[in-house]
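So the structure is just underneath, and the comments pick up after that.
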Amino acid sequence: MNQVVEKALRGMVLVKVHNIRHWTDKTFSFSCERPAGLRFRSGEFVMIGLIVDGKPLLRAYSIASPSWDDELEFYSIKVDEGPLTSRLQHMKEGDEIVMRPKSVGTLVHDALIPGKRLFLFATGTGIAPFASTIRDPETYDKFDQVILTHTCRQVEELAFGHDLLARIRADELLSEMVGDKLTHIATTTREDSPAMGRITDWIHDGRLAEAVGGPLDPATDRVMICGSMDMLRDHKAICEDLGFVEGANSEPGHFVIEKAFVD
Ligand code: A2P
């Protein structure tokens, strides 16, 4: 490695990727070694990327694997003109990525006050942080019911979530931990499927309440939201209209939000 790159990499580590899986022409997932000493809370993100023209090009990526796992998993969009993902999508097994081994984020239990039901609202790759949350024992210690909703345009984009749920159910320890507490609602908006429509519409017209046994209520429910800026804006408005108060690490509340997009 030349000196310029070595200097630019200060405070960062190089880790090898494996388990690269292309889910659709717009999404892929991969795993990498967990840097020694990296501790994180489920739902947090780290900065990862590649060296481009001698400089690190980093973006925030939610860690999709649970905090007890030996490896880190990420689920990414592919943006053809995106500075990072246009390159990252061509990685091969054994290639190295750059990581700043320090995690942060608001989609964490510490930012929510105690409640009975936990709603995890995701669109697209916004499911990534929740792939961590739903495999965390703390989630089931703290909540009686956990509802993960995933809305995408096409049916094939729901595959990552379906596979995740199948992996949980096939794992003896995880399925015992989750029991019957976890509900997965997967909907599409631009292709026919058994469940259709935006979850914001499901909230407005009562379909969500019917599916989970009662409407959203700040007295019992806590909410984490991850998706596009438009999606966050609309979900946040719904929460606030119902009397939910936004939380933060410094001041826990009823709901928390985070943008899912990387380019
Ligand atoms: P729709 O097809 O009706 O736009 P995107 O790829 O644009 O981020 O969208 C991913 C999914 O999120 C799509 O199913 C999309 O529905 C849905 N979506 C987009 N904007 C919102 C919003 N403001 N509120 C709820 N869901 C949304």
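In listed order, ligands and their atoms are each counted from 1.
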List in chain and number order the residues that pass ring pair (Phe, Tyr, Trp, His ring centres under 6.0 Å) with Y140, two or more places apart in sequence or in another chain; answer none if no residue qualifies.
none
For H150, enumerate each residue passing the ring pair (Phe, Tyr, Trp, His ring centres under 6.0 Å) test, keeping only those at least two apart in sequence or located in another chain.
none
For T133 and T139, what are the C-alpha separation, side-chain angles and deciding distance, and is it a side-chain hydrogen bond (donor to acceptor under 3.5 Å, both in side chains)?
CA-CA 7 Å; T133 315; T139 301; 5.6 Å; no
Hydrophobic cluster membership, with links at side-chain heavy-atom distances under 4.5 Å among I/L/V/M/F/W/Y: are M231 and V223 in one?
yes
Under 4.0 Å from ligand 1, counting heavy atoms only: the protein residues, by chain and number
T123, T151, C152, R153, T189, R190, R198, T200, S228, D230, M231, D234
Using 4.0 Å as the upper bound for N to carboxylate O, is an ion pair formed by R198 and D201?
no
Within residues 202-211 or reaching into it, pairs that qualify as side-chain hydrogen bond (donor to acceptor under 3.5 Å, both in side chains) - sequence neighbours excluded
D205-R207
